[in-house]
Amino acid sequence: MESYVLHLNERPQNDEFRRVHAILVMPDGRVLLRYKNGDPRITGGRIDAGDLDLAATLRREVREEINCEIDRCDYLGYLEAACEATKGEHENWARMVARVSKIGAPQPDPDRENNWIYGRELVTPEVAREKLTNSAPVGNTAELVDLALTVAQEKGYFTEEISQQNEMLNPETVDGEAVKNDANF
């Protein structure tokens with residue numbers, strides 16, 4: 001049975017994490033979503049032995065998965081997860097907010113087979129909250145998005161005029177074939 005419990009503004013007692021994921025925001029206030037298997041998700045992944053800290057893991061994962069760079073990030077809390085991905089074991093997944101400083105050309109994720117290129121979409125915070133809550137309701141996703149945007153605002157992540165434009169950057173593809181999703185192409 002899958003189990004997810006979101007703990008915001010807390011750290012686990014053992015301070016041990018297996019994965020780190022982030023709500024990615026742009027300087028113009030939009031959220032960068034990643035599409036995996038047709039569903040919008042937040043970006044991140046497993047912590048490798050060579051990663052110095054959560055920020056280093058996040059920078060590496062953002063670069064590998066969606067070919068972007070981040071210049072700032074802050075810890076928000078963690079998700080206590082027991083699911084198929086964890087083989088039923090309880091794991092702590094760090095939750096962060098990060099600001100994207102550069103978006104590169106789409107490229108395959110080196111950890112996935114079949115030249116898997118994740119879809120990327122820039123959306124308003126309201127659209128991000130709705131899409132993420134509907135596609136990945138693990139813990140309280142809406143509360144996570146709200147906290148991420150509050151922290152980003154308070155810490156000065158938004159340095160440009162706020163944009164209300166949603167924009168598909170690239171569709172998700174596997175071996176050059178588009179994967180169906182709910183994004184507006």
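- Judged by distance alone, the side chain of N134 and the main-chain N or O of E130 form a donor-acceptor pair under 3.5 Å.
- For the 3.5 Å distance criterion, the side chains of W116 and E172 qualify, holding a donor opposite an acceptor.
- Nearest heavy atoms, A152 versus F158: CB-CZ, 3.6 Å.
- Between P27 and R99 the shortest side-chain heavy-atom distance falls below 4.5 Å.
- Taking the ring-ring contact (aromatic ring centres under 6.0 Å, His included) definition, one finds that H90 meets it with nothing, sequence neighbours left out.
- A search for salt bridge (Lys or Arg N to Asp or Glu O under 4.0 Å) contacts involving E65 returns R34, not counting sequence neighbours.
- The CD atom of E64 sits 14.5 Å away from the CZ atom of R59 when rounded to the nearest 0.5 Å.
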Point to revise | Audit row: R11, Q13, side chain to side chain contact (heavy atoms under 4.5 Å, CB included) steps and yes/no | key: CA-CA 6 Å; R11 293 187 83 87; Q13 286 184 350; over 6 Å; no
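- Residues R112 and Y118 are in side-chain contact: their nearest non-hydrogen atoms beyond the backbone lie under 4.5 Å apart.
- Looking at heavy atoms from C-beta onward, V20 lies out of side-chain contact with D51 at the 4.5 angstrom threshold.
- Residues S163 and T124 come closest through the heavy atom pair O-CG2, 4.2 Å.
- One finds the CG atom of D15 at 5.5 Å from the CZ atom of F17 (value rounded to the nearest 0.5 Å).
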Practice item. Determine, step by step, whether I117 and N170 satisfy the side chain to side chain contact (heavy atoms under 4.5 Å, CB included) criterion, reporting the C-alpha distance in whole Å, the side-chain angles of both residues, the deciding distance to 0.1 Å, and the verdict. Key: CA-CA 9 Å; I117 297 175; N170 64 277; 3.8 Å; yes
Exercise for review: May I have the step-by-step check of salt bridge (Lys or Arg N to Asp or Glu O under 4.0 Å) for E91 and R19, ending in yes or no?
Suggested key: CA-CA 8 Å; E91 290 184 358; R19 300 170 192 239; 3.3 Å; yes
Review point. Under the side chain to side chain contact (heavy atoms under 4.5 Å, CB included) criterion, do I42 and L24 qualify, and how do the steps go?
Key: CA-CA 7 Å; I42 61 177; L24 300 177; over 6 Å; no
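- Under the 4.5 Å side-chain contact rule for hydrophobic residues, Y4 and L144 share a cluster.
- Across V100 and C68, no two heavy atoms sit closer than the pair CG1-CB, 4.2 Å.
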Check your understanding: Given the rule in the side chain to side chain contact (heavy atoms under 4.5 Å, CB included) test, do R63 and E69 qualify, once you have shown the distances and angles that lead to the verdict?
Key -> CA-CA 6 Å; R63 190 173 45 258; E69 293 178 17; 5.6 Å; no
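- Heavy atoms only, all atoms of each residue included: N67 and R120 are closest at O-NH1, 4.0 Å.
- Using a distance-only test at 3.5 Å, with no hydrogens or angles considered, no donor-acceptor pair links the side chain of D39 to the main chain of K36.
- Sparse packing is recorded around CD of E113, with 12 or fewer heavy atoms of other residues, nucleotides or ligands lying under 6.0 Å away.
- Figure legend: cation-pi geometry between R41 and Y35 absent, as NZ or CZ is not positioned both under 6.0 Å from the six-membered ring centre and within 45° of its axis.
- By the salt bridge (Lys or Arg N to Asp or Glu O under 4.0 Å) test, R30 pairs with D28, E167, sequence neighbours left out.
- Although no hydrogens or angles enter the test, the distance criterion places a donor-acceptor pair under 3.5 Å between the side chain of N92 and the main chain of E16.
- The hydrophobic cluster containing L33 also contains V97, counting ILVMFWY residues as joined when their side-chain heavy atoms lie under 4.5 angstrom apart, directly or transitively.
- In plain terms, the two heavy atoms of T43 and L58 that are nearest each other are O-CD1, 4.0 Å.
- Of the possible donor and acceptor atoms, one in the side chain of Y75 sits under 3.5 Å from a partner among the backbone N and O of E10.
- The line from NZ of K131 to OG1 of T141 is 15.0 Å long, rounded to the nearest 0.5 Å.
- Following chains of ILVMFWY side-chain contacts shorter than 4.5 Å, one can reach M26 starting from L169, so the two form part of one hydrophobic cluster.
- When only modelled atom types and interatomic distance are considered, D74 and Y157 share a side-chain donor-acceptor pair under 3.5 Å.
- Contact detail for D109 and D111: the closest heavy-atom pair is OD1-N, 2.8 Å.
- At a threshold of 4.5 Å between non-hydrogen side-chain atoms, the residues T57 and D48 do not count as touching.
- Both L8 and I23 are members of a single hydrophobic cluster when ILVMFWY side chains are connected at heavy-atom separations under 4.5 Å.
- Atom CE of residue M96 and atom CG of residue L76 lie 7.5 Å apart, to the nearest 0.5 angstrom.
- By the neighbour-count criterion of 12 heavy atoms within 6.0 Å, atom CZ of R72 is densely surrounded, having more than that number from other residues, nucleotides or ligands.
- Atom CG of D71 is separated from atom NZ of K102 by 12.5 Å, given to the nearest 0.5 angstrom.
- The backbone N or O of E143 lies less than 3.5 Å from a partner atom in the side chain of N140, making a donor-acceptor pair.
- Remark: the backbone N or O of I66 is not paired with any side-chain donor or acceptor of Q107 at under 3.5 angstrom.
- For the atom pair D175 CG and N114 CG, the distance stands at 4.5 Å (nearest 0.5 Å).
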